[in-house]
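Report on one structure; see the data block that follows.
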Amino acid sequence: MPRVMADDDPFAAVVGSHHAEIRRYLLRITARVSDADDLSQETFLRAFRAHRSLPAGANVRAWLFAIATNLCRNHFRAQTRRRRAYAAAALDRSETDPGWPEGEAVAGETRARIEGVVAGLPIKQRLAFIMRKLHDLDYTTIGGSLDCSEESARAHVFQALRKIRRGLDGLILAKTESQP
Amino acid sequence: MSSPHPACREIESDLLAVASGEAAPAAAERVEGHVVGCGPCREELRHYRAIEGFVGELRRAPLPGDDAVLARAELESRLADLRRRLVSFGVFSSPLGPILIARSELGVSLVRYLAGRGPVASEVRRHLGKEAIEDRAATDALYAELVDYIEGRRTRLDWPLDLRGARSDFQRRVLDATAQLPYGAVASYAGIARRIGAPTAARPVAQALRWNPLPIVIPCHRVIGSSGALVGYAGRKVALKQRLLAIEGVRAVPARGDFRVPREAMYALHVGESEYCLPICGSLASRPLSELVLFGSRERAEAAGFAPCTSCRPDLHPLSA
């Protein structure tokens, strides 16, 4: 009888496949567990309201990143919160930097330095860099998330790389020259 | 580094692309050709490759706070709550004019005749609240069945209903009782009042049906005045009520600005009996309409599970059409 109601919710699978990653992305961007929790929840509540109008075969992961990215940008638009998040990012990173094994001291320091530079990047560069380098998204998806062209998305990532490069002068030299 | 050679400046973004492993073959060749003869750029390439390596480690490194279990549980509970409140709707053109159909997770929650002009959105918000999503796919199957019903190809709409929006327990009881009326039958407002154990509440019953959230599905068009007059339907749409009844084989004749169901031309069932009769059987003609259910045809009475009366024998002496 409830034939016309038969409707297994495909959204459960969406949550299952992507929630952890989207939260990780938001955690990387905001560096705050509570913000990552709130924003990831909001991402999926929005997605739930809209997922029925998503065309069949759409790239759900890219779509979720776009929602999350938008929420992030709104989140950081308030100046005071942005400052607080940047400060928190620097703080969290120095405090939570895991104790790397002895031989890895330089590498650990380098990673921490990279994270520090990334945390200080302008928001679009930071989002683009994290999407590209830490979540392996392509430039089409990143452009879609940031409302810009593929080319601009790539430019944001490259700009981030240049700043990291400048931020690592000295450190990286030691590492690379010890390599074959 | 302070003033790089123009060729080095030109190759720089290709170099970044090469280090990132995303350069086109031509660009990769250019870079390769350039760094062979340019020490500083060779060094830059090495740096950028090293950065890629560190970033790769960063990606694999454990992320402080990366435990989504609690957040996931919280999300699931918010989603469950949203699912309960969420309503999908579609707006369709039907033989009876534009119609809105809405459903929740539990069942169909609203059927509404639209005026046909003006923004649907505000009407939807007013009736469905803010968690309403236009989703024709979710309501298409319902619409198809509704059209079959309106065009006489289907006599039942066995839809799960969501009556959480009922205005009161009283209204819910009225709607339940009305939903029991078989296809092709009519009863009076007072009759519904009797059935729900509130025999003097004919007017409140009429009010409750005026706000029926599910017209057609809960067949309030089968409920009429004690005189047989149709009285009202969904505001002032009495003609629509007459039309819905006609689809089911109940003829209502025009009478002083309204329509009237002629009792004398209908088969009658005394509520509680299992046999239907001719309208003149025994004392039926003097009974108030509230004690009766009227059928437009023998087929309808029998389809509803009633047998012809063994004394007046409607099967042998059918009413002339």
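Labels below follow one simple rule: chain letters A, B, ... track the order of the sequence lines, proteins then strands, and each chain is numbered from 1.
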Contacting moiety of B:L86, where chain A heavy atoms sit under 4.5 Å: side chain

CG-CD distance between B:L75 and A:Q41, expressed to the nearest 0.5 angstrom: 6.0 Å

Part of A:L45 lying under 4.5 Å from any heavy atom of chain B: both

Side chains of A:H19 and B:R72, donor plus acceptor under 3.5 Å: no

Largest heavy-atom contact set with chain A, pairs under 4.5 Å, which of B:E134, B:E12, B:R49: B:E12

When A:D136, A:D38, A:I114, A:L161 are compared by non-hydrogen pairs under 4.5 Å with chain B, the top option: A:L161

From CA spacing to verdict: side chain to side chain contact (heavy atoms under 4.5 Å, CB included), B:L63, A:R28: CA-CA 8 Å; B:L63 184 65; A:R28 283 178 166 136; 3.8 Å; yes

Heavy-atom side-chain proximity of B:R59 to A:H135 below 4.5 angstrom: no

B:R9, CZ: over 12 other non-hydrogen atoms inside 6.0 angstrom: yes

Test item: A:R111 side-chain N/O and B:F54 main-chain N/O as donor-acceptor pair under 3.5 Å: no

Region of A:R154 in contact with chain B, defined by heavy-atom distances below 4.5 Å: side chain

Nearest heavy-atom neighbours spanning B:A68 and A:A20: CB-CA, 4.3 Å

Test log, rule side chain to side chain contact (heavy atoms under 4.5 Å, CB included), inputs A:T110 and B:E57: CA-CA 11 Å; A:T110 308; B:E57 285 172 27; over 6 Å; no

Most chain A-contacting option - heavy-atom pairs closer than 4.5 Å, from B:R60, B:R83, B:E76: B:R83

Reported CZ-to-CG distance for the pair A:F44 and B:L82, which is rounded to 0.5 angstrom: 14.0 Å

Heavy-atom proximity to chain A below 4.5 Å, by part of B:D67: backbone

Stepwise salt bridge (charged side-chain N to carboxylate O under 4.0 Å, His left out) check, A:R132 with B:E22: CA-CA 11 Å; A:R132 176 73 195 124; B:E22 52 194 43; 2.9 Å; yes

Whether over 12 other heavy atoms sit under 6.0 Å from B:E151 CD: yes

Derivation and outcome, side chain to side chain contact (heavy atoms under 4.5 Å, CB included), residues B:L16 and A:R162: CA-CA 9 Å; B:L16 276 165; A:R162 291 185 186 104; 3.5 Å; yes

Top of B:S20, B:G56, B:A71, B:A17 for chain A proximity - count of heavy-atom pairs under 4.5 angstrom: B:A71

Interchain contact, B:D135 with chain A, by part (heavy-atom threshold 4.5 Å): side chain

Chain B contact via A:R23 - side chain, backbone, both or neither, heavy atoms under 4.5 Å: side chain

